[in-house]
Chemist: 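Before we start, here is the structure in question, set down as structure tokens.
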Amino acid sequence: MQESIIQQGVDLLIFGMGTVFVFLTVLVIATLGMSSFIRRFFPDAVAPVTEPAPTTPSNSVDPRHLAIIKAAIEKHRNKQ
Amino acid sequence: MQESIIQQGVDLLIFGMGTVFVFLTVLVIATLGMSSFIRRFFPDAVAPVTEPAPTTPSNSVDPRHLAIIKAAIEKHRNKQ
Amino acid sequence: MQESIIQQGVDLLIFGMGTVFVFLTVLVIATLGMSSFIRRFFPDAVAPVTEPAPTTPSNSVDPRHLAIIKAAIEKHRNKQ
Amino acid sequence: MDNLLGLWQESGLYLMTPGQMVMIAVGLLLLFLAINKNFEPLLLVPIGFGGILANIPGAELASSAVDAALHGAHPDVLAAFAHTLGLEIGSSLEAVKDAYNHASVSVQSQLSLQAADFGYSNGMLYNFYSVAIASGIAPLVIFMGVGAMTDFGPLLANPKTLFLGAAAQFGIFATIMGAVGMSYLGWMDFSIADAAAIGIIGGADGPTAIYVSSLLAPELLGAIAVAAYSYMALVPLIQPPIMRALTTEEERKISMTQLRVVSKREKIAFPIVVLILVAMLLPSAAPLLGMFCFGNLMKECGVVDRLSDTAQNALINITTIFLGLSVGSKLAADKFLDPKTLGILALGIVAFGIGTAMGVLMAKLMNKFSEHKLNPLIGSAGVSAVPMAARVSNRVGLEANPQNFLLMHAMGPNVAGVIGSAVAAGVMISMVQSMGG
Amino acid sequence: MDNLLGLWQESGLYLMTPGQMVMIAVGLLLLFLAINKNFEPLLLVPIGFGGILANIPGAELASSAVDAALHGAHPDVLAAFAHTLGLEIGSSLEAVKDAYNHASVSVQSQLSLQAADFGYSNGMLYNFYSVAIASGIAPLVIFMGVGAMTDFGPLLANPKTLFLGAAAQFGIFATIMGAVGMSYLGWMDFSIADAAAIGIIGGADGPTAIYVSSLLAPELLGAIAVAAYSYMALVPLIQPPIMRALTTEEERKISMTQLRVVSKREKIAFPIVVLILVAMLLPSAAPLLGMFCFGNLMKECGVVDRLSDTAQNALINITTIFLGLSVGSKLAADKFLDPKTLGILALGIVAFGIGTAMGVLMAKLMNKFSEHKLNPLIGSAGVSAVPMAARVSNRVGLEANPQNFLLMHAMGPNVAGVIGSAVAAGVMISMVQSMGG
Amino acid sequence: MDNLLGLWQESGLYLMTPGQMVMIAVGLLLLFLAINKNFEPLLLVPIGFGGILANIPGAELASSAVDAALHGAHPDVLAAFAHTLGLEIGSSLEAVKDAYNHASVSVQSQLSLQAADFGYSNGMLYNFYSVAIASGIAPLVIFMGVGAMTDFGPLLANPKTLFLGAAAQFGIFATIMGAVGMSYLGWMDFSIADAAAIGIIGGADGPTAIYVSSLLAPELLGAIAVAAYSYMALVPLIQPPIMRALTTEEERKISMTQLRVVSKREKIAFPIVVLILVAMLLPSAAPLLGMFCFGNLMKECGVVDRLSDTAQNALINITTIFLGLSVGSKLAADKFLDPKTLGILALGIVAFGIGTAMGVLMAKLMNKFSEHKLNPLIGSAGVSAVPMAARVSNRVGLEANPQNFLLMHAMGPNVAGVIGSAVAAGVMISMVQSMGG
Ligand code: NA
Ligand code: NA
Ligand code: NA
């Protein structure tokens, strides 16, 4: 039993880590294939621009837009 | 059994279509009655305007407003 | 039984009202203690402003902002 | 022809009972009050509509599968039910119904599966009720949302207004005495649990009333909820005469000093303080006050704004829709059209009146012992009915002194009343359950 | 090594059946149509994706615990199931499956607990299906949201367009005849309940179709939903040839008078009128039309805008996500790859065609008796498929007369079609259930 | 007097155990860290608050009806339970508890009904846990929302960074070895299922950790979730020393070429490619990766923006509130205050450290074979902890070279780490369940 839990841990380590590497390796290959296929046969008419900022998952409102809107409101209020 | 399913289908056709027509006919009458009652006894003070555009169920933001807001943001950004 | 329901009602009245007063009295004391502790040891760097308007639970959009935004849209529309 | 006859015999006109017709009229009345008179429309529109749906004859939207099977009363079904209930085969429908209502939960759940075997299923509104109210979840989620919309600033600036919120809860307990008195006199047949559930109308707080009555007196829930929301809407009519009668012109003119500035940190600490006191003193109030404080903490802590926004909008709105329809399911004619409903309506308005009076009198009492005078008009806001009662205090105050804005001062007792009735709810649930009520 | 072998034997490549491969391709096709061709993407993206998930071999996402246990087919499990089902120990897997499918609800729920005892659990999509569709709740909530997005103004301005919405429902019933005919000829094995569920495709209304088939023919739900949404997306291709064939150039040029102004009060009263008629005449349509009218009342009454907004946005979106994935669970290969699916696809397009034709012909018939001529092109909008069919009417109208804007006129029959098919759904559910279908 | 005594004996002060007091302090600490130190507040505010609620003495909010009945320990109840469990009447409370914990699901569900017969009901948090976590739904819905917020652009521009996400998962498996080692040495009593659940902390991904531990080690879920979120918040402290120790100044200065433009079509195709690989190679990862890819497809496909918005906002927020409170229910003192918790906290931080190190070392290894040099600092982002770890890579990179912006480059391994740990989760669930763990 004590032996066996170590054995089970080693099994998890080997097969688990192996699966992760195999799966992600296949995914690298598939992704490269998919990308080159699409870039070759279905290029976009207009080149899209990569987003300049990173995704910030916990923040759903674009802070720049927020700032602009706030500024607009502020300005309007000052005029009154 | 084979006879019977045809019979059941015919029953559905006759009573189903009949119910649809009867129900909607009663609804036409009830609606006309309701409308004339309301227009006679509870006319609106100010005539409301019928919406100029059709309902677009799959689009929850008024596209015109969106365009205006976008334009405003754009303008503000250009000023900076 | 008839006696007993009156007795139960009186029990509820006495212990219920008593608990409400005891609990809220303790809460008054705890709140005063908490406030004086915080004001003494963790005063805010900048004094916050109390909200000028009452909470209006059933209205989730600040009506003033709404008015400003509407005005902005109106203005933009007129320019077009 | 059988089909045509069948359709006619399944039509509402053929099946409708006078009771259902009356209840449909009641539903229409609630819609009218909500839409035209602005009576708590967020709740009364769904409740009124749900009440009409619950009374559509033949649709059985508010019935469980077992109710529907009993209503169908097919001999095979009754025989099977009688067997499960340990009755002799051939028992009357009444006997089966009676045994079912007194059966244990495990037997009821067996009957439920049996009804499904016979092809019966729960009605739509019954399912809504089970998920939203019987589980207790909808009132708690709404309370969390209310917490996220509540500003304790005015209360923190003047904590002694909590006493006003405490005093106004006397309306709850006086109403309980009224209900048990009616039972004692033989006018009504209210149990102590019923009486407690009726009393909570005096808390002037919708989710608390629904939560308590779902636990203590589910069959009265429809009448209690309708009474609670209707009287909350009627606060501008109910309170002012009482407030004027109990105060002098001089008292109504008392001008209160401006509230001090309350810091963000105090506002964050307050829900935690309440929570800890609940944990130490009154565990039975933990579900209600726990969720309320959680909502308020989300609002004030400033680091989970997206959760707070959702609790105040999408989540509370979704829950309100289903809560309202579910309450409507309790407006089925056979449950609602009962003399008890009249008793509940009568007791409910008394509850509001007494709560109002006690709040005002408490303020006058506190003025005897305190240097900083309170305007006693803010005492009536202690019943809660947020924010209506606070607005009433302000309005009556302005009549006496056009320069005297009481609104912010009245918000303190107003939110104190929410805490007060949640405390009362906790202690009542705990006491009634230990009375075997 | 055992582990390595185990992993390989659990991998999709080892386990995948040809049927699953085909269904994954079908799922990808649905995604392609939704994303690239804009085929009702709000539903077909979740349905297509759910369909792929349901066909991942070994993951059993669309299976109940009992299905998974039967698929595992361990002798101990089969023996226990056979015992519960009253079969002799050692019964074949087929015998156990068969007995399970015909067992009563209480026995099935016992097996469900037994499967849990053996460590099996329901798949993710199976759970979604149970909660969202088997309970009936998701289609009803979506219908409520659609109600909150529907403007009955054009219909109220010209109520007789309701007849167009009635006539177009003939597509439903003609399709039922087609389905029973196929059964009669021995081509397919549709029961009367199956036939009714297939017919409802002709209602051109997604939630109605899903609601009806979840009650009458759950095993056909996948095919019926896919057919309904696909053909709704194809309305711009299906309808115009039929419309042109049945009308003359002159008729298509008919110009209609501008619609009168409809007051707020009429719009508020309309859903209540519909509800009362349902209560009096057709209780079986109460769930669908009740929720639809409730949504519309929330929109129009103007006092519960926050509820109406939520019903139109957060709530309908959340429900759509789970409804779509749940429908996808019914695209599992062993259920979907059946000759019946071909029959359903064939009958569905006929249903759309007949509904379109009858709407147009009804408009022509009404013109014979009425002074105010209708442009018969608006008749085709009576099938519903909101708002696509109304746009098609407008577009075909503009071809004939570039000054003639039919869009608002076509919205009347368009929303009438929604009511019409909900009425048809109610009467069919009621009749089929009383046929013992 | 009985009532007064009853109230006191039901009060928290009378009932509170030292353990509950400690756990309330832990809950307050979590709130402090979340609110003042910004430790993953979206999760730790609900978890901390839920933890306090779960430890309110007498409220039994985190207990099932059966737990509450066992806690009450009334002789009649124990006798009835003993009978159902097949024990002799008069068995000790311990014996009944033990038999209950080892009973089959069907027997447990019988006891549950029996407890209801005696008037016990599930606590609020227990219900939240059952619906949100035990069903598996809440972590999956959050994963869908995360998918809808993830931009795979940087990963698609440089797919070989997937290897960094793979290498960092070594933290998971090394931790498993640590846990089984502790068991081997007799320090702790972790089963292989416990070890796997603890290992997943190294995946640095909240929903994955909660999903895995709800399946493999529900009683450890509280500690695992607290460890996972706390260490994710501590990434800016944990990672930099390791990153600096394993890299030279030169390596940290490596400047990477700008990422290529990735087309919309590639972004749409990527989640579908992942899904198909999952279907072919690793069905056990289908729930997690399926929902993740579904969320991402909704975001990228551009035709279901309203669903994507809801998945990213209302739906994920609602789910987060209930997920957090549910996790809090697992902070009840009798479960959490166990030496195992210390073991979990110790192992968790090791897991983060090893994952970070392996990511960095993998980047250095890849540089040996590749022309386009990677800055090894982006390797540490492979543990996921999105987007914190990527920001740490950027910050440490700027220290070495103020012109070198690594943020976008680090987002590739960062999201690769999410996929990597979902794959690891799938393979572990499948292997452990087949080990009979
Ligand atoms: Na109150
Ligand atoms: Na239709
Ligand atoms: Na990870």
Side-chain angles (χ1 to χ4, degrees), chain D residues 103-110 131 134-137 140-141 144 148 215 265 268 271-272 275-291 293-295 297-298 300-311 313-315 317-319 426-427 430-431 433-436, chain F residues 2-3 6-7 10-16 20-21 24 27-28 31 34-36 38-39 41-46 48-50 52-53 55-61 65 110 112-119 121-125 127-128 131 310 313-318 320-322 324-325:
Chain D
S104 69
V105 178
S106 21
V107 170
Q108 289 184 340
S109 87
Q110 248 178 292
V131 172
S135 70
I137 201 172
L140 293 174
V141 168
M144 174 176 75
L215 286 172
R265 284 199 175 94
I268 296 174
I272 296 175
L275 176 68
I276 289 174
L277 289 184
V278 166
M280 291 197 311
L281 300 178
L282 200 65
S284 53
L288 275 173
L289 281 175
M291 291 302 274
C293 291
F294 178 54
L297 181 65
M298 287 199 291
E300 298 295 356
C301 74
V303 290
V304 294
D305 286 347
R306 54 183 292 161
L307 300 186
S308 167
D309 286 351
T310 296
N313 291 290
L315 182 53
N317 292 344
I318 291 171
T319 312
V427 69
S430 155
M431 285 182 71
Q433 282 177 342
S434 76
M435 283 170 185
Chain F
D2 276 5
N3 277 301
L7 276 176
E10 280 185 11
S11 79
L13 284 174
Y14 178 87
L15 294 168
M16 194 172 293
Q20 289 172 323
M21 214 173 291
I24 288 179
L28 291 173
L31 289 179
I35 296 173
N36 280 44
N38 221 36
F39 266 41
L42 290 173
L43 268 293
L44 287 185
V45 167
F49 204 96
I52 299 175
L53 288 177
N55 287 285
I56 295 182
E60 306 269 14
L61 296 181
Q110 248 178 294
S112 193
L113 285 168
Q114 245 172 345
D117 288 349
F118 284 104
S121 57
N122 294 332
M124 175 183 81
L125 293 177
N127 281 335
F128 289 177
V131 172
T310 295
N313 292 290
L315 183 51
I316 199 173
N317 292 344
I318 292 172
T320 300
I321 289 172
F322 291 107
L325 290 174

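Lettering follows sequence order; numbering is per chain, from 1. As the structure is a computational prediction, the values presented were derived from the model and not from experiment.
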Chemist: Heavy-atom distances under 4.5 Å only: say whether F:D117 touches chain D with side chain, backbone, both or neither.
Modeler: both

Chemist: Shorter than 4.5 Å, heavy atoms on both sides: which option in F:G58, F:G119, F:P57 has the most such pairs with chain D?
Modeler: F:P57

Chemist: Counting distance only, does the side-chain N/O of D:S135 pair as donor-acceptor with the main-chain N or O of D:V131 below 3.5 Å?
Modeler: yes

Chemist: Using non-hydrogen atoms only, which part of F:I316 is less than 4.5 Å away from chain D: side chain, backbone, both, or neither?
Modeler: side chain

Chemist: Is chain F contacted by the side chain of D:S109, its backbone, both, or neither, given a heavy-atom distance below 4.5 Å?
Modeler: side chain

Chemist: Heavy atoms only, distances under 4.5 angstrom: which of D:V107, D:V304, D:L307 has the most pairs with chain F? Name it, please.
Modeler: D:L307

Chemist: Go through the atoms of F:L125 and report whether side chain, backbone, both or neither lie under 4.5 Å from a heavy atom of chain D.
Modeler: neither

Chemist: So, taking the atom named CD in D:Q108 and the one named CG in F:L113, what distance separates them when rounded to the nearest 0.5 Å?
Modeler: 10.5 Å

Chemist: Do D:V303 and F:N38 have side chains that get closer than 4.5 Å, going by heavy atoms?
Modeler: yes

Chemist: Pick whichever of F:Q20, F:M124, F:M16 has the most heavy-atom pairs under 4.5 Å with chain D.
Modeler: F:M124

Chemist: Below 30° counts as parallel, above 60° as perpendicular, anything between as tilted: where do the rings of F:F322 and F:F128 land?
Modeler: perpendicular

Chemist: Considering only heavy atoms, which portion of F:L31 lies under 4.5 Å from any heavy atom of chain D: side chain, backbone, both, or neither?
Modeler: side chain

Chemist: Quick one: are F:L325 and D:M291 in side-chain contact, heavy atoms under 4.5 Å?
Modeler: yes

Chemist: Count the heavy-atom pairs under 4.5 Å between each of F:V45, F:N55, F:L315 and chain D, then report the option with the highest count.
Modeler: F:V45

Chemist: Does the side chain of F:I56 reach to within under 4.5 Å of the side chain of D:P283, using non-hydrogen atoms?
Modeler: yes

Chemist: Is there side-chain contact between D:L275 and D:L289, with at least one heavy-atom pair below 4.5 Å?
Modeler: no

Chemist: Where on F:I318 is there a heavy atom nearer than 4.5 Å to chain D: the side chain, the backbone, both, or neither?
Modeler: both

Chemist: Closer than 3.5 angstrom, by distance alone: can the side chain of F:N317 be matched with the main-chain N or O of D:R306 as a donor-acceptor pair?
Modeler: yes

Chemist: Would you mind checking which part of F:L53 comes under 4.5 Å of any heavy atom in chain D, side chain (CB onward), backbone (N, CA, C, O), both or neither?
Modeler: side chain

